[in-house]
Each structure stands twice: as structure tokens, then as C-alpha cells.
Amino acid sequence: MPVRVRYAPSPTGHLHIAGARTALFDYLLARKSGGQFVIRFEDTDQARHLESGIRSQLDGLRWLGIEWDESVDIGGPYAPYRQTERLDLYRTFTERLLKQGDVYPCYCTESELEEEYKAQEARGETPHYSGKCRHLTEGEKQRFAAEGRVPCYRFRVPEGETISFDDHVRGTVEFESDGIADFVIVRPDGIPTYNYAAVIDDLTMKISHVIRGEEHLSNTPRQLLIYRALGADAPEFAHASLILNRDRKKMSKRDESIVQFVQQYQELGYLPEAVLNFVALLGWSPRSEEEIYSKDELIEQFGLDRLSKSPAIFDTEKLNWMSNHYMKNAEPQKVVELAIPHLQKAGLIPEQLDSSGKQWVAELVQLYQEQLTYAAEIVQLTPTFFREQVEFEEDAAAMLKEDYAPAVLGSFQRHLSEVEAEHPSAEEIKGLLKKVQNETGYKGKQLFMTVRAALTGQLHGRDLNETLHLLGKNKMAARLQAVLS
Ligand code: GLU
């Protein structure tokens, strides 16, 4: 059977990191085995912003470099790819299941069910549907209908059975059918529930492998019962382990220690290759020990056999280490393009850059490229280049009180005044510092740190010659004047 996998999000928001992981595993398996990757939307929850949710899911995947073969935007042989457009299909299957007796109408109202659940709880039982409408006669059904009750439809779960299946991650998994109450497959408004619609979709779209999060494990026996009632083979299942935060707690959507949505990474200026690499290793491990993998290498190495049973830990430090690795090795021009909008948004550089402005920004970003985890950091790393006055850190201010400081800075000031260019090259700056050394006899820390402290307010930073080249003559002159007077 050809490999066909699907990612089936409810498009109720942005692409979450856990969704991205499912989609990535799907994608990798499809590419590895020459199969197809389908994206379909479970959009039956009508209350939410579905259109923007769909767009946002697809945009996030596209940004990560995950491509699909069939979905709402490009169509495909099993269209439509959203559940609200497949209601007729579900209806056909429901009629068949009704006729077979696997499904029955249930006329209980919400409040009747509530009461029943409460009574069960009072007896110390876990609340569950009791099967009250399982054996209604035609007459009873007609009477309920005449009262104006609109039924939901429930699946008749067989009694006393063990439902078992082989999961690619968890091995043989068993559930007792007695622990499963007759569950709703179609609500009174005619909208199918997740467990039902997912089965009909997977079946009719000829899905061969279902990869999804572990939280769906307990849905699987219900889905298997539906396949069986339809006389169909179920797909293979792989339930990927949960993603936990560093405290080993299930990450909640409000957990601020983790950036959870793919769009946020995009907005911060992460490189998509880095995020993709990191997400791939959440609950899957390659054969080799390395941590850095391109998309092609991931495809080459991927297999369901190496999905891990134990939970994945979302380690932000590891993500940032990885991200910095990709940043350092990226095309400088690419990093410059990612960084410019952040400097513009912070109001540090103009919206329109002339060619010398562009050149200057490019050099600035490249000076810091090695240090970046994501492009937005450029704003916090470079304030000294944009301020009128220097803000001195404590140790830098202390250094300027040393008795040699005036001599070093005075000499630098005089030699600088002989320079014509606004941005003397790093080579020229090096020459200037050499002159100061020859003139004053100060060298090493006493020379370089003093100049750096006076001109940037800090004792440490990127290459001094490059830094001063970018700072420019005017700023340097003004800053020296301020320190010396
Ligand atoms: N809409 C479900 C989810 O987002 C899909 C689960 C499945 O893959 O079957 O979790």
C-alpha cells in the first residue's frame, strides 16, 4: 500500500510547535518513502476564526520548508480537504452504520445527561453514558421526535472485548471495550465528532499511516471500532510522545518559558532551517550522534522505528545553540536581510536606506552575525551605534578614571582629527591606535580597553577596529570630547 500520511489540524489558531512536529514527521515519512503528504482541516468548530487559522497553518509550514501534495490550496484527488465540505460524505456513512445497527439515535438532552453523570459521581462512579437509548423501540423514537427532540448518533460499543493494536511507538496497546461508553459520532446539529470524521477522512483519503500526538492514543480504540464496523482495514498508527517543558511538565499554551508558535519564531528572525532541525529531534532520534541535520539529511535518516517512547523535552537552550549554529553559518546577506526590518521597527535606521546606509548596516550586522541566535537580537546588541551619548557600564567608567586614560584618549583624539573620512577603515583605525601606542607608550589593555570604554561604554565587545570604523569619526570625536572635558 503506498504511503499516504496526513496532518489534520483544527485551524483554530497559529501553527503550534507540536503541530509542526506532527506535520514534519508526516512530511519526512512521505518523502522518504516516495509517498504523499496530505493536509486536511478539521474545521467543524464553527465558532472560531477558521479562514485565518487555515492560512496561518499553511504559512507556518511553508516557512519551515515543509511542502504538501494535497490540501485546500492546491486541491488533489481526494478533495475537498476540509470537513465542513464533506458533510454529505459523513451522512452516507452514518446511514450505512445506522442500517447495520452499529449506530443508534440518542434523544437524551444535555440536562438529562448532566443529571445522570451527577448521580454516577455521587455513587463514586466515573461519569459515563449509560446506554439509555441503546434499545429504543420505533414507537419510543417517534414519541421523542414528536416532543421536538433532535437526536445525536452514538456508536454501539461491543461489550467485553479487548481492543488491541500495534503502535509504531508504543508497541502493542490494549483497551477494554467495557471502559468505553457508547460515544457520539454525530451531534444533533448534524456535525460529526472528531473520532468519526477523522476515520471517514482517513479511510476515504486512503491514509496508510496516522502519526499524531500521544494525547490521541485513547481515541484510537474508538476509531478502530468504526473501521471494523465498516469492514475496512485501519491505517498504521504512531503516537509520538508528549512534549514537556524543562520542568518535565506538560507545556501549556500559556507557558512563557517556551516560544510555542512557529510564527513567533519567524517574527523574531530565527532561521527556519534551525527550527526545523530542532523540531525534528523532539521525540525522534537519528541513527548518528550529531545534532545538526539539513532537511535532506532528515529525510534520508527518518523512520518510525526511531520515534521515542519517553517524552521529549523542549530545551530552549539547545534550540538557541542550534539556532546560533545556523546563524553563524548562514550567508551574510541573508542575515542582513533578516535583521534590517528589526532595526527599522526599533526606529534605529530609516525605512529607506541609500546605498551607503545599506553598506553600513550590512557591515554592522555582519560584525554581530556570529553572536546572533535570531535576527531581532541585533537591536539589543548594537545600541551604542545609535545613541548620541555613551551609557557607561560600571567597570568601563572605572577604567576611565585610571591615571593613564587622559593621555591615551588625548592622543587618540589628536590623531583622529587628522583623519578625513567619516568612516575610516578598520585598517586605518589600527594605524591610529599604533600611533597612540608609539606616542604614549601605553599598549594592550591600557590602550585598547580605555579607548573601547570611552567610545562604547563597555570593556568588551566585537572587534575594536571594526567597531570604531562603524561608529564613525563624528561620534568618536564627540564621545572623546565628552570624556576628556
Ligand atoms: N485535529 C486533531 C488534532 O489537531 C487531529 C488528530 C489526528 O491526527 O487524528 O489534534
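Both ligands and their constituent atoms are indexed starting at 1 by order of listing. We're numbering straight along the sequence, starting at 1. Computed from a predicted structure; not experimentally measured.
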> Hey, does the Lys NZ or Arg CZ of Arg222 hover above the aromatic six-ring of Phe155, less than 6.0 Å from the centre and inside 45° of the axis?
Replying inline: no
> Can you tell me which residue and heavy atom of the protein come closest to atom 1 (N) of ligand 1, and the distance to 0.1 Å?
Replying inline: Glu42 OE1, 2.6 Å
> Going by an N to O cut-off under 4.0 Å, is there a salt bridge joining Arg31 and Asp69?
Replying inline: yes
> To the nearest 0.1 Å, how far is atom 8 (O) of ligand 1 from its closest protein heavy atom, and which atom is that?
Replying inline: Arg6 NH1, 2.7 Å
>> Whether Glu116 and Lys132 form a salt bridge (side-chain N of Lys/Arg under 4.0 Å from carboxylate O of Asp/Glu) is what I want to check.
In response: no
> In the protein, what heavy atom is nearest to atom 7 (C) of ligand 1, and what distance, to one decimal place, separates them?
Replying inline: Tyr194 OH, 3.3 Å
> In the protein, which heavy atom is nearest to atom 10 (O) of ligand 1, and how far is it?
Replying inline: His216 NE2, 2.7 Å
> Where is the nearest protein heavy atom to atom 4 (O) of ligand 1: which residue, which atom, and how far?
Replying inline: Ala8 O, 3.8 Å
> Does ligand 1 have an atom under 4.0 Å from some heavy atom of Ser10?
Replying inline: yes
> Which atoms of ligand 1 have any heavy atom of Arg212 under 4.0 Å away?
Replying inline: 7 (C), 8 (O), 9 (O)
> Applying the side chain to side chain donor-acceptor pair (under 3.5 Å) test to His239, which of Lys309, Arg212, Glu214 qualifies?
Replying inline: Arg212
Identify every side-chain donor-acceptor pair in residues 337-351 under 3.5 Å, counting partners at least two apart or on other chains, and give the distances.
from   : atom 1 : to     : atom 2 : distance (Å)
Glu337 : OE2    : Gln333 : NE2    : 3.4
His342 : NE2    : Glu267 : O      : 3.4
Gln344 : NE2    : Pro350 : O      : 3.1
Gln344 : NE2    : Glu351 : O      : 3.0

> Are Glu159 and Arg134 within salt-bridge range, i.e. N to O under 4.0 Å?
Replying inline: yes
